[in-house]
Protein chains: 2
Amino acid sequence: MSEQQTEQEFLASYNIHDYDIPLTSVDMAIFTLHDEQVHVLLVKRAQHPALGQWALPGGFIDISSDKTLEQTAQRKLKEKTGVDTPYLEQVATTGNHHRDPRGWSVTVSYFALIAHNEFQLQKDASSDQVVWVPVDDVSSTYTLAFDHQEILQQCYERLRNKVQYTSLPVNLLPQEFTLTELQKTFEIILGKSVEKKSFRRRLLDADILEETGSTRKGSNRPAKLYRVKPEGESHFFPRNIEGPR
Amino acid sequence: MSEQQTEQEFLASYNIHDYDIPLTSVDMAIFTLHDEQVHVLLVKRAQHPALGQWALPGGFIDISSDKTLEQTAQRKLKEKTGVDTPYLEQVATTGNHHRDPRGWSVTVSYFALIAHNEFQLQKDASSDQVVWVPVDDVSSTYTLAFDHQEILQQCYERLRNKVQYTSLPVNLLPQEFTLTELQKTFEIILGKSVEKKSFRRRLLDADILEETGSTRKGSNRPAKLYRVKPEGESHFFPRNIEGPR
DNA sequence: GTAATAGTGTCTATTAGACATTATCTT
DNA sequence: AAGATAATGTCTAATAGACACTATTAC
């Protein structure tokens, strides 16, 4: 009986290895924009299980170096892309007895948004190859390890939903961008065109952007450059974007 | 080197107890409506650690009986309230090295919405006392174990956010209810009044309710009773509810 | 000047809030 | 009938879409 036991005594005799507990890992969908398409990063697994199969980057929590779950995700992202400060959002946690051949397994999924100009692909011990794939082509071109196809779908769906009522797509552009570039970004994720005036009103009235003072010059009227204000990377609009009627 | 090892060989020699891995648990905020206030269920812990402290119901995944993470949550809910089919939503996963004295710990949090008439409190081995507390009173009246105060806040904030653009509050009412009762439910969670005609338009135009055919009689004109259509328990409206201008 | 893209003015359609009015019940 | 709550009609205000128009550059 534990009635008389103090918490100190309990902890002193507690050994996690005495229990049957699930594996816990982190997996992430790293999205970027390229060639007018959303791309996701895949890695070829260099270790068992599912050795040689394509998968989302991810791995186990390193309880000696990671202080938080988010740090685990940040570390994975840095290992693969060199990117330090992305937009990172936890999506869901999937756990069941059949998703990993090693046994009952839990994985926390995140998605990251990074600008196409800001990463540098890395090789590391746990993956010999790394590739960017247009998200819409993944299911027809690759067979992903474990349940990563489903996890990718969840992450992509979260992104596509949130583009309707948040400012998230600003995180796919470099620090400075024009409103036309931003509009194009929204349109790509939404999969439909957006009316220019409505779009500009929506973004400018939200007061989440500021002019940099400089312009992007082309073979025409120069476009004002904007950057995101501190709180603007995840602004919630009170209505969904509607698109053409 | 593992170059020559097959996956079968790898799995045969794999032993989870060889690794230092985090604890993984499930915690939940079970909400119901009572006395025109949102209440949450707290349990007094009957086991170490934090023995005797109030906490959110939760516990470890039972890898021999739970097939999925959601089943773990369902099981906990059933153990405490007897409720079988609530509205259950995963909120977030918190993991770090300091939240539990036993070591690196991950917890997946859920919230459940149940009707006040549908539960029956249970006692079980892991908690000697169970109590419903108005959510707004928890922080001033109880000191919760671990980081459960924060987890509760996350769950409650998710609920308060989603009441603005979803139909979630229908899950806090019995199967049959009047529009006035539903409006009151929205108002309690929102913390402000809602205009009657706008509210009715919003709900009825969404086509997520159906008339039961009967009415609730009082000392006045009887009110039509409605039930939620199959997909209506989590309808997303294209705009936030606004409330008085 | 023309071509091209950036940026604006303004009309219309839609819809939520306000609130007065009507409907249906009990006593 | 009086009192109460349910339910609706309809006006107004706010705002998003449509789209024509103006602005500023390169050539």
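Keep in mind that this is a model prediction, so the values were computed, not measured. In the text below, chain A, chain B and the rest are named by the order of the sequence lines, each starting its count at 1.
Straight-line distance from the CZ atom of A:Phe199 to the C1' atom of C:dT5: 16 Å, rounded to whole Å. Separating the CG atom of B:Leu203 from the P atom of C:dA16 is a distance of 12 Å, rounded to the nearest angstrom. Between the P atom of C:dT8 and the CD atom of A:Gln183 lies a distance of 14 Å, rounded to the nearest Å. Nucleotide C:dG7 holds its C1' atom 12 Å from the CD atom of A:Glu211, rounded to whole Å. The distance between atom CZ of B:Phe237 and atom C1' of C:dG17, rounded to the nearest whole Å, is 16 Å. At whole-Å resolution of the value, CD in A:Glu242 and C1' in C:dT14 are 8 Å apart. Spacing between atom CZ of A:Phe177 and atom P of C:dA6 amounts to 14 Å, rounded to whole angstrom units. Counting to the nearest Å, the C1' atom of C:dT15 and the CD1 atom of B:Ile241 are 14 Å from each other.
Both A:Arg201 and A:Lys196 sit near DNA chain C, but only A:Lys196 has its closest nucleotide nearer the 5' end. Heavy-atom nearest nucleotides on DNA chain C were determined for B:Asn240 and for B:Lys217, and the one closer to the 5' end corresponds to B:Asn240. With DNA chain D read from its 5' end, the first of the two nearest nucleotides for A:Lys197 and A:Arg221 is the one closest to A:Lys197.
Within the nucleic acid shown, B:Thr180 comes within 4.0 Å of sugar-phosphate atoms alone, with no base atom in reach, counting heavy atoms only. Residue contacts shown for B:Arg239 are limited to sugar-phosphate atoms, with no base heavy atom under 4.0 Å away. Counting non-hydrogen atoms under 4.0 angstrom, A:Lys224 reaches the backbone sugars and phosphates but no base. Using a 4.0 Å heavy-atom cutoff across all strands shown, B:Glu195 reaches at least one base atom of the nucleic acid.
For A:Asn220, the listed nucleotide lying nearest its side chain is C:dT5; candidates were C:dT10, C:dT5, C:dA16. Checking C:dA18, C:dG7, C:dT24 against every side-chain atom of B:Pro244, the shortest atom distance belongs to C:dA18.
Closest approach of A:Val26 and A:Thr72 over heavy atoms only: CG2-CG2, 3.9 Å.
Using a 30° and 60° split on the angle between ring planes, B:Phe31 and B:Tyr156 fall in the tilted class, from 30° to 60°.
To the nearest 0.5 Å, the span separating CG on A:Leu41 from CD1 on A:Ile114 amounts to 7.5 Å. Remark: B:Lys162 NZ to B:Glu89 CD distance equals 3.5 Å, nearest 0.5 Å.
Applying ring-ring contact (aromatic ring centres under 6.0 Å, His included) to A:Phe186 and the options A:Phe199, A:Phe177, A:Tyr165 leaves one that passes, A:Phe199.
In summary, contact between chain B and DNA chain D, defined as any nucleotide atom under 4.0 Å from a heavy atom of the protein, begins and ends at D:dG3 to D:dT10 in the 5' to 3' direction.
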Exercise for review: Show your working on side chain to side chain contact (heavy atoms under 4.5 Å, CB included) between B:Gln149 and B:Val138 and close with a plain yes or no.
Suggested key: CA-CA 8 Å; B:Gln149 183 68 244; B:Val138 171; 4.0 Å; yes
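A cation-pi contact links B:Arg202 to B:Phe237, judged by a cut-off of 6.0 Å to the six-membered ring centre and 45° from its axis.
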